[in-house]
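Note: hydrogens, waters and symmetry copies are ignored here, and every other heavy atom, side chains too, is used. Numbers for residues simply follow the sequence, beginning at 1.
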Amino acid sequence: MWVKTLKEKMMENAMKEGRTRTPEEKIWVGVIQQCMEDAFGLSTSTNITPGEIRQAQDWFETTRCAEVCDLAGTTQDHVIELYRSLQYQYNSGKISTIKLRFGIKRLEQLL
């Protein structure tokens, strides 16, 4: 029998509540989304280099990421967990590039 953990219940409740973010928080969520797109090499606005992709991947472990997450109304640990989950699913072929982009676009609902 599968039992939900407290963390899973809290995340589920938060998603149901539909937390309203301030305009400033939405901007910072956008920064996290852009960094995720860059980390996967999905940025369409520029030609991103392998070095920039690596820099975006490393960003999740920085104090700047922690600051941005705080400004977005979430935690760095949660963002890293979401990033690693997407990374695993994408790298193992469980989700396509299209689904990866869709997941990143819907990121605000999971934060």
Side-chain angles (χ1 to χ4, degrees):
M1 184 168 118
W2 184 73
V3 179
K4 290 183 184 178
T5 65
L6 177 61
K7 185 176 181 180
E8 289 170 327
K9 288 178 185 178
M10 288 173 57
M11 287 175 60
E12 205 172 77
N13 288 339
M15 287 172 53
K16 287 179 185 174
E17 290 174 11
R19 180 181 184 279
T20 303
R21 295 191 183 279
T22 66
E24 292 82 10
E25 287 175 325
K26 288 180 180 184
I27 289 170
W28 292 111
V29 167
V31 169
I32 295 168
Q33 289 171 314
Q34 184 62 54
C35 195
M36 280 205 186
E37 286 184 7
D38 291 348
F40 286 104
L42 300 176
S43 187
T44 57
S45 59
T46 61
N47 292 330
I48 191 164
T49 67
E52 291 168 326
I53 292 171
R54 185 70 202 156
Q55 186 177 9
Q57 292 168 342
D58 293 343
W59 179 81
F60 291 99
E61 302 291 337
T62 66
T63 56
R64 185 62 182 145
C65 176
E67 294 167 357
V68 169
C69 290
D70 187 49
L71 293 167
T74 190
T75 65
Q76 182 180 22
D77 290 339
H78 185 60
V79 169
I80 290 172
E81 185 179 319
L82 292 171
Y83 168 69
R84 287 185 180 154
S85 175
L86 285 173
Q87 187 178 43
Y88 169 76
Q89 292 178 52
Y90 182 64
N91 289 342
S92 65
K94 293 183 179 188
I95 60 173
S96 65
T97 303
I98 293 169
K99 288 184 179 180
L100 176 62
R101 282 184 193 276
F102 183 72
I104 293 170
K105 293 295 180 201
R106 295 192 60 208
L107 191 66
E108 182 178 1
Q109 297 173 2
L110 299 175
L111 298 178

Measure the spacing between CG of Leu110 and CD of Glu81 and express it to the nearest 0.5 Å. 10.5 Å
What are the two closest non-hydrogen atoms of Gly41 and Ile48, and how far apart are they? CA-CG2, 4.2 Å
Can you tell me how far SG of Cys65 sits from CZ of Phe60, rounded to the nearest 0.5 angstrom? 6.5 Å
Quick one: are Cys69 and Thr75 in side-chain contact, heavy atoms under 4.5 Å? no
Measuring only between side-chain heavy atoms, which start at C-beta, is Leu111 closer than 4.5 Å to Leu82? yes
From CA spacing to verdict: side-chain contact (heavy atoms from CB on, under 4.5 Å), Asp38, Gln55: CA-CA 9 Å; Asp38 291 348; Gln55 186 177 9; over 6 Å; no
Measure the CD-CG distance between Glu52 and Asn47 for me, rounded to the nearest 0.5 Å. 9.5 Å
Residues two or more places apart in sequence or in another chain: which of them pass side chain to side chain donor-acceptor pair (under 3.5 Å) with Asp70? none
Are a donor atom and an acceptor atom from the side chains of Ser85 and Gln89 found within less than 3.5 Å of each other? yes
Yes or no on side-chain contact (heavy atoms from CB on, under 4.5 Å) for Glu24 and Leu71, after CA distance, side-chain angles and deciding distance? CA-CA 8 Å; Glu24 292 82 10; Leu71 293 167; over 6 Å; no
Where is the tightest heavy-atom contact between Ala66 and Gln76, given as atom of each residue plus distance? CB-OE1, 3.3 Å
Flag the pair Tyr90 / Lys99 as yes when at least one side-chain heavy-atom distance between them is below 4.5 Å, and no otherwise. no
For the rings on Phe40 and Tyr83, is their centre-to-centre separation under 6.0 Å? yes
Would you name the heavy atoms of Ala56 and Ala39 that are closest together and state the gap between them? CB-N, 3.6 Å
Answer yes or no: is there a donor N or O on one side and an acceptor on the other, between the side chain of Arg64 and the main chain of Trp59, under 3.5 Å? no
Donor-acceptor pair between Gln57 and Arg54 side chains, under 3.5 angstrom: yes
CD1 (Ile27) and OG1 (Thr22) are apart, to the nearest 0.5 Å, by 8.5 Å
For Lys105 and Gln33, work out which heavy atoms get closest and say how close. O-NE2, 3.1 Å
Scanning both residues in full, the closest heavy-atom pair of Ile32 with Leu107 reads CG2-CD2, 3.7 Å
When rounded to the nearest 0.5 angstrom, what distance separates CD in Gln87 from CD1 in Ile95? 10.5 Å
Minimum heavy-atom distance between Leu86 and Met36, given as atom pair plus value: CD1-SD, 4.1 Å
